[in-house]
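These values consider heavy atoms only, across backbone and side chains, with no hydrogens, waters or symmetry-generated copies.
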There are 2 protein chains.
Amino acid sequence: MMSRITCSELSQKITTAAAAAAEIKDGDRVAMSGFTGSGYPKVVPGAIADRARCAHDRGEDFAVELWTGASTAPELDGVLAEVGAVSKRLPFQSDPAMRRSINAGDTEYVDTHLSHSAQQAWFGFYGKLDVAVVEVAAILPNGLLVPGSSVGNSKTWLDLADRVILEVNSWHPRAYEGFHDVYYGTRRPPERLPIQLLEPMQRIGDPYLRVDRKKVVAVVETTAPDRNLPFKPADEDSKAIASHLVDFLRYEIDAGRLPKELLPLQSGVGNVANAVMANLADSEFAGLTAYTEVIQDGMLDLIDNGKLKSVSATALSLSAERAADFNENIEAYKGRILLRTQEMSNHPEAIRRLGVIAVNGMVEADIYGNVNSTHVMGSSIINGIGGSGDFARNAYLNFFVTNSLAKGGAISSIVPFASHVDHTEHDTQILVTEQGLADLRGLSPLARAQRIIDNCAHPDYRELLQDYLDRAIVANPAGRHTPHLLSEALSWHARYQETGSMRD
Amino acid sequence: MMSRITCSELSQKITTAAAAAAEIKDGDRVAMSGFTGSGYPKVVPGAIADRARCAHDRGEDFAVELWTGASTAPELDGVLAEVGAVSKRLPFQSDPAMRRSINAGDTEYVDTHLSHSAQQAWFGFYGKLDVAVVEVAAILPNGLLVPGSSVGNSKTWLDLADRVILEVNSWHPRAYEGFHDVYYGTRRPPERLPIQLLEPMQRIGDPYLRVDRKKVVAVVETTAPDRNLPFKPADEDSKAIASHLVDFLRYEIDAGRLPKELLPLQSGVGNVANAVMANLADSEFAGLTAYTEVIQDGMLDLIDNGKLKSVSATALSLSAERAADFNENIEAYKGRILLRTQEMSNHPEAIRRLGVIAVNGMVEADIYGNVNSTHVMGSSIINGIGGSGDFARNAYLNFFVTNSLAKGGAISSIVPFASHVDHTEHDTQILVTEQGLADLRGLSPLARAQRIIDNCAHPDYRELLQDYLDRAIVANPAGRHTPHLLSEALSWHARYQETGSMRD
């Protein structure tokens, strides 16, 4: 097999993960590649965790700030969180051990719009970056880097870091070359220029990541697969949500508000997103495009059956089977998939210009359309806002989807008052549960409330919500724009905490 | 005096306000010009109100949907609200009578990001537009329209409406010609193109509004002044806020995160905004620019003393004295002030590219940095979100400012839980009260809470806030990302409603 490292200068820096990890010191800011379990370094994080464990055993401090593209995997977030080696984490995570560390107050978590993370790091808002650890598929003779299954923030981390560690992972097909578009036209204000992107598949950058070879302190070879979470087939509720949503798209086409090939789709991660893709796959739609963050199994299916012409994203996030299949048949996807920096995949300028149709999950919505995407009962973080704000705010249409019930009916996803707000009433357009769809465009809060209760709430909670609304209207003769009973507004959540159910 | 109407076809349509108002029917959607009390029609709204009153006296229904640029004046929002003639209002208002009608539940209010209103109307999200009523300074021989003191959404209203009524107001100087830049490159997705704007004063459009002359059903001549609210000199608290803010800008320059001429300024409406301008006027700063919504007295002062090179906005909003002075000396401002459509003044693409420094007022912030800009005690609307979301989300730096106390100390502007959220913790960067400034960039919610309590809260409430936070941390051993006591979170507001004070 050909070596993946064909740059003589960098091949001289090949070493072990342990030796590479020795470059990282307590207190360092360390930025790693990786987005939704793809393209993250597989072995250096574990070696850093080993260093931390040894230091802690000796009674010494050892913790780093950890920046990434988005979520990673047990071999990165997991191992570092488990040894208490992360003092601060940004901009997104979804790892159980990391989540525990954050919710225990041991790790500071800065939960950031994914389009903001690279620029704010560059602006210096997070401090100086010490080390970048970036996984790639290959190093070319001239030192250019071929990314693998994600691009994320790698471009910015390579630019900003004082020292760079490269992991070259031959699990990624060598044929990834040509799948990436790394925009090198970014500037800091006042030097910024328009991003000349007119359609999802347009190339505006380079197929390679650049690195200053002098900054590279170690190159480590690996062969480990991405996280590759199993793909769950859609359940009945997800199918119902997908069906409401796709019917609504048909309605919008009939009303002349959408072209028949729709507009570029964005779809958040998860079961419902896959169900929407499955519904579209079985539909009359054709000539679709996507401008999204992540490509899941369902989107590959849509490409395979010819309905989806092309997808721009920043990462793949596949099941193990689908990833193996993709790696084997990768050439079939060339020219139909483009992986960009997350700064571009999530850029407000691009999303608004292209007129993206955004579909994102939520934890709960209140009756006025304020959406909580991140917290359980106001206090505990689940994952983070990710790109949902970038897409929802700038989309042509945005959908927020969830089951109407959680915890076997003990929790209603439609509540009087959201226990945390990630998307405000000014931003949310269309809410969907398995019960139905509430189109909130052009409605006042009070009109929205009635539509959400009628269309989205589960029947078990509908009367309770109506009762809250009716009494709030009566109690606020001069506050009927968004009538609330503040002493009761969060009582459903408090009741759940006390009794294990939101119901009386 | 030369007539302002030099188009023979349109001069034949000159008529009275009453005759023009007869073109408007019950149930019509009527879109009017006007932004922050500038450039709104002065007489047709009153004539519509007369029609409504007569209809109501006869026992007939008469109400319209009313769309504008932003806030108007008693002669528009006021007269129509007072006779109950507005069924729905969007996208912004600040009129006492209109506010009462909304909070009484008599008028539906759709409180919209100001950059979203034109495009969403065009997309058809608000229904078909029947009539546009637009004030201009002059009509050229070829039918092109010279706007006056605001542009707002007039371009879109003229494009979309079936019928058009023009008010030609000779109070506006004829020399307004050349002060406007009306972008006619807007498209609906997927046809949109990059907005090729590189610096605040760059022209990318036409100096005139276009109208299809066949759609014009009436032209009405007026001479009435804009609203022209009196300018209040800055009080001590506003001066303290401005001083913290300007000192912080110096700090950012010293840290290498801002150029010494800063980046384009955006400043919300009000006393603090003017105080910031006054502070800059007395400072070492020079070569400043602004990319903002509204030009108030303070910004004109900054132009006059040479510190501010140029301002892009969508409207003037001056005191009567300053407006008289401006109208007299308007030629001195040519090339230094450009009035754009609000779609462009507030466009995410432009704001992010230019790297705007955004300063906006707020009602309250919670300890985690969620900001309420719109509601009193969760239920009653004050004005609306306006452009604060457009600017805050896309700014290079954003500041939210308020006094730490309201109602003589009965209300703390820093609370455990915001009673309404317009800007989430993911968006807010820097909070400022007269007590001090909290830089929240790169902090976790818990770290933000401590900084906000320490730096921004009034001493009278600091211990209460600290006590809430401390107990919330203890009560949430697995929820220390954003620890809350949900049964207490809104108790400060509920207590104020019951006892007239947030204090125990």
Side-chain angles (χ1 to χ4, degrees), chain A residues 102-105 108-113 123-126 189-190 192-196 198 256-257 263 348-349 352-355 370 375 377-381 385 389 393-394 396 419-422 424 426 441-444 446-447 476 478-484 486-487 489-490 493-494 497, chain B residues 102-105 108-113 123-126 189-190 192-196 198 256-257 263 348-349 352-355 370 375 377-381 385 389 393-394 396 419-422 424 426 441-444 446-447 476 478-484 486-487 489-490 493-494 497:
Chain A
I102 292 165
N103 281 322
E108 269 202 75
Y109 179 40
V110 188
D111 178 11
T112 311
H113 296 297
F123 296 163
F125 294 177
Y126 307 145
R192 282 182 163 170
L193 299 172
I195 299 159
Q196 305 291 354
L198 302 182
R257 288 188 293 263
L263 288 164
E349 179 172 337
R352 180 150 162 164
R353 183 180 307 144
L354 296 173
N370 298 287
H375 281 66
M377 301 295 144
S379 298
S380 304
I381 189 81
I385 191 166
R393 169 71 67 87
N394 298 293
Y396 182 88
S419 63
H420 190 269
V421 177
D422 297 292
T424 76
H426 312 285
R441 292 173 300 168
L443 298 187
S444 69
L446 208 49
N476 287 283
R480 288 182 177 161
H481 181 58
T482 313
H484 268 302
L486 291 182
S487 55
L490 289 167
H493 299 85
Q497 290 180 314
Chain B
I102 292 165
N103 281 322
E108 268 203 75
Y109 178 41
V110 188
D111 178 12
T112 310
H113 296 297
F123 297 163
F125 294 177
Y126 308 144
R192 282 181 163 173
L193 299 171
I195 299 160
Q196 306 292 353
L198 303 182
R257 288 187 292 264
L263 289 164
E349 179 172 338
R352 180 149 161 165
R353 183 181 306 144
L354 296 174
N370 298 287
H375 282 65
M377 301 295 145
S379 298
S380 305
I381 190 79
I385 191 166
R393 171 70 69 85
N394 298 292
Y396 182 87
S419 64
H420 189 271
V421 176
D422 298 290
T424 76
H426 312 286
R441 293 173 300 167
L443 297 187
S444 68
L446 208 49
N476 287 283
R480 289 182 178 161
H481 181 59
T482 313
H484 267 302
L486 291 182
S487 56
L490 290 168
H493 300 85
Q497 289 180 314

I need the residue from [options] with the largest number of non-hydrogen atom pairs under 4.5 Å to chain B.
options                                : result
A:Pro348, A:Gly256, A:Gly105           : A:Pro348
A:Gly442, A:Ser419, A:Ser487, A:Ser379 : A:Ser379
A:Leu193, A:Thr112, A:Leu354           : A:Leu193

Winner by heavy-atom pair count (cut-off under 4.5 Å) against chain A, out of B:Ala489, B:Gly355, B:Gly479: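 Looking at each option in turn, the highest pair count goes to B:Gly479.
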
Considering only heavy atoms and a distance below 4.5 Å, find which of B:Gln497, B:Arg257, B:His481, B:His493 pairs most often with chain A.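 Answer, by heavy-atom pair count under 4.5 Å with chain A: B:His481.
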
Side chain to side chain contact (heavy atoms under 4.5 Å, CB included) assessment of A:His426 paired with B:Asp111: CA-CA 7 Å; A:His426 312 285; B:Asp111 178 12; 3.1 Å; yes

Strictly under 6.0 Å, is that where the ring centroids of A:His484 and B:His420 end up?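 Not under 6.0 Å, so no.
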
Which atoms form the tightest heavy-atom contact between [X] and [Y], and what is the distance?
X        : Y        : answer
A:Ser380 : B:Ala478 : OG-O, 2.8 Å
A:Ser444 : B:Val110 : N-CG2, 4.0 Å
B:Asp422 : A:Thr424 : O-CG2, 3.5 Å
B:Gln196 : A:Pro194 : OE1-CG, 3.1 Å

Taking atom [atom1] of [X] and atom [atom2] of [Y], what is their separation to the nearest 0.5 Å?
X        : Y        : atom1 : atom2 : result
A:Asn476 : B:Asn103 : CG    : CG    : 9.0 Å
A:Arg480 : B:Ile102 : CZ    : CD1   : 14.5 Å
B:Leu263 : A:Arg192 : CG    : CZ    : 9.5 Å

Determine whether A:Glu349 and B:Arg352 satisfy the following criterion, salt bridge (Lys or Arg N to Asp or Glu O under 4.0 Å), listing intermediate values before the conclusion. CA-CA 8 Å; A:Glu349 179 172 337; B:Arg352 180 149 161 165; over 6 Å; no

A:Tyr126: side chain to side chain donor-acceptor pair (under 3.5 Å) partners, not counting sequence neighbours: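 In terms of side chain to side chain donor-acceptor pair (under 3.5 Å), with neighbours along the sequence ignored, A:Tyr126 is linked to A:Gln120.
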
Run the salt bridge (charged side-chain N to carboxylate O under 4.0 Å, His left out) test against A:Arg441 and tell me which residues pass, sequence neighbours left out.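 Expected list: A:Glu252, A:Asp439.
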
On the 0 to 90° scale, with breaks at 30° and 60°, tag the A:Tyr396-B:Phe123 ring pair as parallel, tilted or perpendicular.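 The arrangement is tilted - the two ring planes meet at 30° to 60°.
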
Can you confirm whether the side chains of A:Thr482 and B:His375 place a donor and an acceptor under 3.5 Å from each other?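 Yes - a donor-acceptor pair under 3.5 Å links their side chains.
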
Identify which part of B:Asn370 has an atom lying under 4.5 Å from any heavy atom of chain A, answering side chain, backbone, both or neither.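 For B:Asn370, the contact with chain A is made by the side chain alone.
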
Side chain, backbone, both or neither: which part of B:Leu446 has a heavy atom under 4.5 Å from chain A?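 The answer is neither part of B:Leu446.
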
